[in-house]
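In what follows, chains are A, B, ... by sequence order, proteins preceding strands, each numbered from 1.
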There are 2 protein chains.
Amino acid sequence: MNYNKDTSNRILEAATREFEEKGYSGARMQSIADRAGINKALLHYYYKSKDMLFQIIIQKAFEVFIPRIVSVFEEETDLFTTIEKFTRSYIELYVQNPRVPGFITQEINNHPDRLVQLIQSTGANTETFKNKIKKSVKEGLIDDIEPEQLIVNIISLCLFPFVAKPIVTELIIQGTEKDFDKLIENRKTEVAKFIIKGIKKIN
Amino acid sequence: MNYNKDTSNRILEAATREFEEKGYSGARMQSIADRAGINKALLHYYYKSKDMLFQIIIQKAFEVFIPRIVSVFEEETDLFTTIEKFTRSYIELYVQNPRVPGFITQEINNHPDRLVQLIQSTGANTETFKNKIKKSVKEGLIDDIEPEQLIVNIISLCLFPFVAKPIVTELIIQGTEKDFDKLIENRKTEVAKFIIKGIKKIN
DNA sequence: TGCAAACTTAACCATATAGTTAAATTTGAC
DNA sequence: GTCAAATTTAACTATATGGTTAAGTTTGCA
C-alpha cells in the first residue's frame, strides 16, 4: 500500500473532529469520509477500522497533551513561577484545542481502563512537582497542603471551564461565546493569582 | 395502559446507569432491559422509545441537581458560610451520585443546545449569589474578583475530580479507589478553606 | 374461580452502519 | 505517452439495533 500524507492527515483531522463532537459510538465513518472530502472506500483503504482510527487519535491526544502538562511540572523554577507558567500555558493550549477536554472526558467515562494504560505508556509522572510542593511546605513558603489536593485544584481550575463551556456560558455568565472567551482570557492570569494566594503562607 | 411503579422505577434506574456508563449512542435498549430484569417488549411497553427514556432521565438529573446548586447559593448567610456549605453539600451529592458529573459532561458535548434549554427550564439563576459576591467586594471583605470567575472556580473545584476520577486516581494519586475516596473526603472541607483564603482580603 | 392487568416469548421488520469488493477513472512522475 | 499509484463509483454483505407484534403465561385481586 502507498499513502498520500496529505490525505492521511485530512482523514485524521476529520476523524478527530467527528470523535470529539460525537464520541466513539456517535461517530460515523461516512461522516468522517465526508469531512475529509473522500469516500468510504478510501477511508478504509487508509485506516482499516473505526476502532483503529479511534485508537490512533486518542493516543495522539495523549502523546501531545499529557507531556505538555508534565513538562511544565518538571521545570526547575520555584513553585509559584511553575504555577503561573503552567496555568497560562495549559489554558492557552485549550483555547487552541477547545474540544479536547470534552473528548478526553468522554473517553474517561466510556473506557477508563484503556485510558489508564495510555497514561502510563506516556511515562507521565507528577513526582517532581509533588516534591516541589512538599519542599515549599517544609520551607514554610506555603500552608500545609497535600500535594495531590493542590494538583487536583490546579488542573480543575484550568480544565473544567472548557469541559462545561455551555453551562458556564449560559448559566453562570448568561452571555455569549465572546463573553466566555473573555472570561478564559482573564483566567490565564487570575487562576494563578487565586491559587497562589490560596496556599501562600501569611507571615 | 396500567403500570407497576416498581417496574417503572427499576427501568429508570437501569437506564440511568446504562446511559451514565455509555452515553446515549452507546447505550442499548436490550442492555437496559437486562439490567432491569425484564424483556425488551415490556421495556417498550413502559417507555415508547430510547429517546423518550433518555429525555426523562436527563430531565430528572437536572431537576434534582441544578436546584441543589442554586438553593445553597440563595441562602441568606454570609459569603464564607455559603461557600463552606455549598462545597460540602455539593461534593457530598456527588459522592452519592459519582457518575452524574460525567453523564452531564457527556451530554454537554453531544447536545449543548438541548442542555441549555433544560437549564433555563429549571429556572436556575445565579444572581443572588453574584450579588452577595459583589457586596463582599464592596465591603472590603474579599479581593476584587469577578463574580463569574469565583463561581467557575467553586464549581470546577467541586465537580472536576469526579469527571476525571480515573486520571486523578492513576496519574495524580497513583493509588486505588480508596485513596480517591479519601481525597474527596478531605476536599469536603479543604476546598472551602482553599477558596476562602484565595479571596479573603488580608488586612 | 374468573378476570384483567402485568409480563414473557419469540419471531419479525426496517434501518443504519461498518466494512468489502472489483472495476473504472484520475493523477503525477518518469 | 506510459504506467503505477491514488482515488472514485456503486453495489454488496453482514450485523447490530430500535422497535413491533401477537399469542401465550403468570399474578393478584374481587
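Within the structure, every side-chain polar atom (N or O) of A:Tyr45 is placed at least 4.0 Å from both OP1 and OP2 of D:dT7. Listed pair A:Arg28 / C:dA16 fails the phosphate criterion, with no side-chain N or O lying under 4.0 Å from OP1 or OP2. The shortest distance between the side-chain N/O atoms of A:His44 and the OP1/OP2 oxygens of C:dG19 is below 4.0 Å. Within the 4.0 Å cut-off from OP1 or OP2 of C:dC7, at least one side-chain nitrogen or oxygen of B:Tyr46 is found. Residue A:Asn4 has no polar side-chain atom (N or O) positioned under 4.0 Å from OP1 or OP2 of D:dA5. For C:dA6, the OP1/OP2 oxygens have no side-chain nitrogen or oxygen of B:Thr7 closer than 4.0 Å. For B:Asn39 and C:dC7, the shortest distance from a side-chain N or O to OP1 or OP2 is not below 4.0 Å.
With D:dG19, D:dT8, C:dT8 as the choices, the nucleotide that has an atom nearest any side-chain atom of B:Ile38 turns out to be C:dT8.
Under the 4.0 Å criterion applied to side-chain N and carboxylate O atoms, A:Lys193 and A:Glu84 are not assigned as salt-bridge partners.
Evaluation of atom-type donor-acceptor distances gives no pair under 3.5 Å for the side chain of B:Lys48 against the base of D:dG19. For D:dG19, the base has no donor-acceptor partner in the side chain of B:Lys50 [N/O atoms by modelled type, under 3.5 angstrom].
Atom-to-atom, CG of A:Leu42 to P of C:dT20 comes out at 14 Å; the value is rounded to the nearest Å.
To the nearest 0.5 Å, atoms CD1 (B:Ile172) and CD (A:Gln149) are separated by 10.5 Å.
Among the protein residues, A:Ala36 comes within range of no part of the nucleic acid, since none of its heavy atoms lies under 4.0 Å from any strand. Counting non-hydrogen atoms under 4.0 angstrom, A:Ala33 reaches nothing in the nucleic acid.
Inter-residue side-chain proximity for A:Phe129 and A:Ile154 is flagged as met; some heavy-atom pair is nearer than 4.5 Å. Using a 4.5 Å cut-off on side-chain heavy atoms (C-beta onward), A:Glu177 and A:Lys165 make contact.
Nearest-nucleotide assignment on DNA chain C puts the 5′-proximal partner with A:Gln30, out of A:Ala41 and A:Gln30.
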